[in-house]
K.L.:
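One structure is given below, represented as structure tokens, and several questions about it will come after.
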There are 2 protein chains.
Amino acid sequence: MKKTIFVFSALIVSLLVLFKISTYSYTSGNSRIELVISGIAILFFGIGWYINRRSASKKNIEPEVINLDKLDDLGISKREYEVLVQIAKGLSNKEIGDTLHLSESTVKTHVSNLLVKLDAKRRTQALQRAKELNIIAI
Amino acid sequence: MKKTIFVFSALIVSLLVLFKISTYSYTSGNSRIELVISGIAILFFGIGWYINRRSASKKNIEPEVINLDKLDDLGISKREYEVLVQIAKGLSNKEIGDTLHLSESTVKTHVSNLLVKLDAKRRTQALQRAKELNIIAI
DNA sequence: GAGACCTTCATACTAAAGTACCAATTTGAT
DNA sequence: ATCAAATTGGTACTTTAGTATGAAGGTCTC
């Protein structure tokens, strides 16, 4: 985010400089006008490239957009979802409890509820279902 | 993020307009030059956008190719891999035995070997590792 | 404020999963 | 043909996972 602002600010500044040069060349003859035009062309080519790359890379990180609306449909609560994410990371109930500051007992409760809501018998099946429903990252 | 890009783009456009107005006052006769410059700018912006989009979409066509060569590196046998695939489907050891016509005991042996070879403590962690290594489908 | 959830945790239990051995075939390569 | 690895299966055991049930505090809505 900060980087984006920085890059755009730099672009604006360079634009300012380019236009300043262009206005100079008006008064002192049209000798450098081609240079200015090509500079602007390169600059905007870069801008177009950059903007598209940003939006494209975002799409690549999460090709299937995580559908958080489905969580409501399935009745999965916020905390339960957090547990689900940790399951996907391959953690045990004990480890999930440590990372989320919960007792193993509480994690078991959340997992049990998740299994019912995802219509699964095991946590591995829950992961499979969650992937089908696009509610967790691949 | 998109909003930020939009705002900055709008800023650049307004800058363009401002400079156009300012240069009008300098040389009220040569209004064609600015038109040409801004036209070129827009054109190259579009070109940059388009080219990047082409290269980005090419990458998307083959997002994650399953790397079966890594199976050799990890020493995972054919049968073990078949078990791994069934684990990814969310099946239990008993169910895997039924689908592959094996005893649960044999499945357990394969799973245990898989866990060692994938450096995992649980089958869920094995799935996570296998996904990282691109040896199973997403 | 009563009811409906969510969150947290506990106990006690059953069911899987996983480990550590061992052992008999089968397959593949040298 | 021989040797190593793969495949299959077993027993006995420990560890997780999952179920059932209860309970208490918090939040939000009607």
Side-chain angles (χ1 to χ4, degrees), chain A residues 66-133 135-136, chain B residues 66-133 135-136:
Chain A
I66 294 173
N67 194 348
L68 294 171
D69 297 330
K70 278 208 175 124
L71 295 179
D72 273 347
D73 299 350
L74 296 165
I76 294 175
S77 71
K78 190 171 65 181
R79 206 59 166 159
E80 284 165 357
Y81 181 69
E82 287 174 8
V83 170
L84 179 62
V85 171
Q86 300 302 315
I87 290 175
K89 289 182 181 174
L91 301 188
S92 69
N93 290 338
K94 181 79 185 63
E95 290 169 342
I96 294 171
D98 290 342
T99 55
L100 296 181
H101 306 296
L102 292 174
S103 74
E104 188 187 350
S105 177
T106 306
V107 176
K108 282 188 177 185
T109 306
H110 288 319
V111 172
S112 253
N113 291 332
L114 276 169
L115 293 181
V116 173
K117 291 170 183 177
L118 286 170
D119 190 30
K121 286 176 191 160
R122 284 162 292 281
R123 47 172 58 205
T124 48
Q125 200 174 5
L127 289 179
Q128 171 69 14
R129 289 277 297 132
K131 274 183 280 184
E132 281 175 9
L133 298 166
I135 60 179
I136 57 170
Chain B
I66 294 174
N67 193 349
L68 294 171
D69 297 330
K70 279 211 175 123
L71 295 178
D72 274 347
D73 298 350
L74 296 165
I76 294 174
S77 71
K78 191 172 63 182
R79 207 57 166 159
E80 284 165 357
Y81 181 70
E82 287 174 8
V83 171
L84 178 61
V85 171
Q86 300 302 315
I87 290 175
K89 289 182 181 174
L91 301 188
S92 69
N93 290 339
K94 182 79 186 63
E95 290 168 343
I96 293 171
D98 291 342
T99 56
L100 296 181
H101 307 296
L102 294 173
S103 75
E104 189 187 347
S105 177
T106 306
V107 176
K108 281 189 179 185
T109 306
H110 288 319
V111 172
S112 254
N113 291 332
L114 276 169
L115 293 182
V116 172
K117 291 170 181 176
L118 286 170
D119 190 27
K121 288 175 188 160
R122 283 162 293 282
R123 47 171 60 205
T124 48
Q125 199 175 6
L127 290 178
Q128 170 69 14
R129 289 276 298 131
K131 274 182 281 182
E132 281 176 9
L133 297 166
I135 60 178
I136 57 171

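Labels below follow one simple rule: chain letters A, B, ... track the order of the sequence lines, proteins then strands, and each chain is numbered from 1. Reckoned from all heavy atoms, side chains included, excluding hydrogens, waters and symmetry mates.
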K.L.:
Starting at atom CG of B:Leu74, determine the distance to atom P of D:dA5, rounded to an integer number of angstrom.
P.N.:
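Distance, rounded to whole Å: 17 Å.
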K.L.:
Just how far, in rounded Å, is C1' of C:dC5 from CD1 of A:Ile76?
P.N.:
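After rounding, the reported distance stands at 15 Å.
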K.L.:
State whether B:Lys89 and B:Glu95 are salt-bridged, where the test is any N-O pair (Lys NZ or Arg NE/NH1/NH2 against Asp/Glu carboxylate O) under 4.0 Å.
P.N.:
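Between B:Glu95 and B:Lys89 there is no salt bridge, as every charged N stays at least 4.0 Å from the carboxylate O atoms.
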K.L.:
From NE2 of B:His101 over to C1' of D:dT7, roughly how many Å is that when rounded to an integer?
P.N.:
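The answer, rounded to whole Å, is 16 Å.
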K.L.:
Does a side-chain N or O from A:Arg122 land closer than 4.0 Å to OP1 or OP2 of C:dA16, or not?
P.N.:
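No, no such contact exists.
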K.L.:
Counting just side-chain N and O atoms, does A:His110 come under 4.0 Å of either OP1 or OP2 of C:dT7?
P.N.:
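The answer is no; no side-chain N or O of A:His110 sits under 4.0 Å from OP1 or OP2.
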K.L.:
Drop me the distance from B:Lys117's NZ to B:Ser112's OG, to the nearest 0.5 angstrom.
P.N.:
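Spacing of NZ (B:Lys117) from OG (B:Ser112) equals 11.0 Å.
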K.L.:
Round to the nearest Å and state the distance from A:Asn93 atom CG to C:dC9 atom C1'.
P.N.:
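Interatomic distance, CG of A:Asn93 to C1' of C:dC9: 14 Å.
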K.L.:
Within the 4.5 Å heavy-atom criterion, are A:Leu91 and A:Asp98 side-chain neighbours or not?
P.N.:
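Sidechains of A:Asp98 and A:Leu91: no contact.
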K.L.:
Scan B:Ser103 against the nucleic acid and name what it touches under 4.0 Å (heavy atoms): base, sugar-phosphate only, or nothing.
P.N.:
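Answer is sugar-phosphate: B:Ser103 comes under 4.0 Å of backbone atoms only.
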K.L.:
Specify the separation, in whole Å, of atom CG of B:Leu100 and atom P of D:dA6.
P.N.:
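Checked: the CG to P distance equals 18 Å.
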K.L.:
Categorize B:Ser112 for me: base, sugar-phosphate, or nothing, with a 4.0 angstrom heavy-atom threshold over every strand shown.
P.N.:
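Base, at least one base heavy atom under 4.0 Å.
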K.L.:
Reckon A:Ser92 touches a base, only the sugar-phosphate, or nothing at all at heavy-atom distances under 4.0 Å?
P.N.:
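Result for A:Ser92 = sugar-phosphate.
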K.L.:
Remember a base hit wins even if backbone is also touched, and classify A:Thr106 as base, sugar-phosphate or nothing at under 4.0 Å, heavy atoms.
P.N.:
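Here A:Thr106 touches the bases of the nucleic acid.
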K.L.:
Between P on D:dA17 and NZ on B:Lys121, what's the gap in Å once rounded to a whole number?
P.N.:
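Result: 12 Å.
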K.L.:
Using whole Å, report how far NZ of B:Lys108 lies from P of D:dG9.
P.N.:
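After rounding, the gap between these two atoms is 14 Å.
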K.L.:
Would you say A:Arg79 and A:Asn113 are linked by a side-chain donor-acceptor pair, where the criterion is simply a distance under 3.5 Å?
P.N.:
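Side chains of A:Asn113 and A:Arg79: no pair found under 3.5 Å.
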K.L.:
Would you kindly check whether a donor in the side chain of A:Ser105 faces an acceptor in the base of C:dA10, or vice versa, at under 3.5 angstrom?
P.N.:
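Per atom types, the contact qualifies.
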K.L.:
Whole angstroms only, please: what is the CD1-P distance between A:Ile87 and D:dT16?
P.N.:
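Distance check: A:Ile87 CD1 to D:dT16 P gives 16 Å.
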K.L.:
Would you indicate which nucleotide in D:dT8, D:dG18, C:dA10 comes nearest to any side-chain atom of A:Thr109?
P.N.:
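Closest of the options to the side chain of A:Thr109: C:dA10.
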K.L.:
Quick one, A:Gln86 and A:His110 - any side-chain contact, counting heavy atoms below 4.5 Å?
P.N.:
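No, side chains not in contact.
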K.L.:
Compute the bend angle of the helix from C:dG1-D:dC30 to C:dT30-D:dA1 from the end axes (five pairs per end), rounded to 10°.
P.N.:
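What I find for the helix from C:dG1-D:dC30 to C:dT30-D:dA1 is an axis angle of 60°.
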K.L.:
Quick one: are A:Val107 and A:Leu100 in side-chain contact, heavy atoms under 4.5 Å?
P.N.:
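They are not in contact (no side-chain heavy atoms under 4.5 Å apart), so the answer is no.
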K.L.:
Do A:Lys121 and A:Leu115 touch side chain to side chain, with heavy atoms closer than 4.5 Å?
P.N.:
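Of all side-chain heavy-atom pairs linking A:Leu115 with A:Lys121, none is under 4.5 Å.
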K.L.:
Starting at the 5' end of DNA chain D and moving along, which residue's nearest nucleotide shows up first, A:Lys94 or B:Asn113?
P.N.:
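Per heavy-atom nearest nucleotide, the more 5' residue is B:Asn113.
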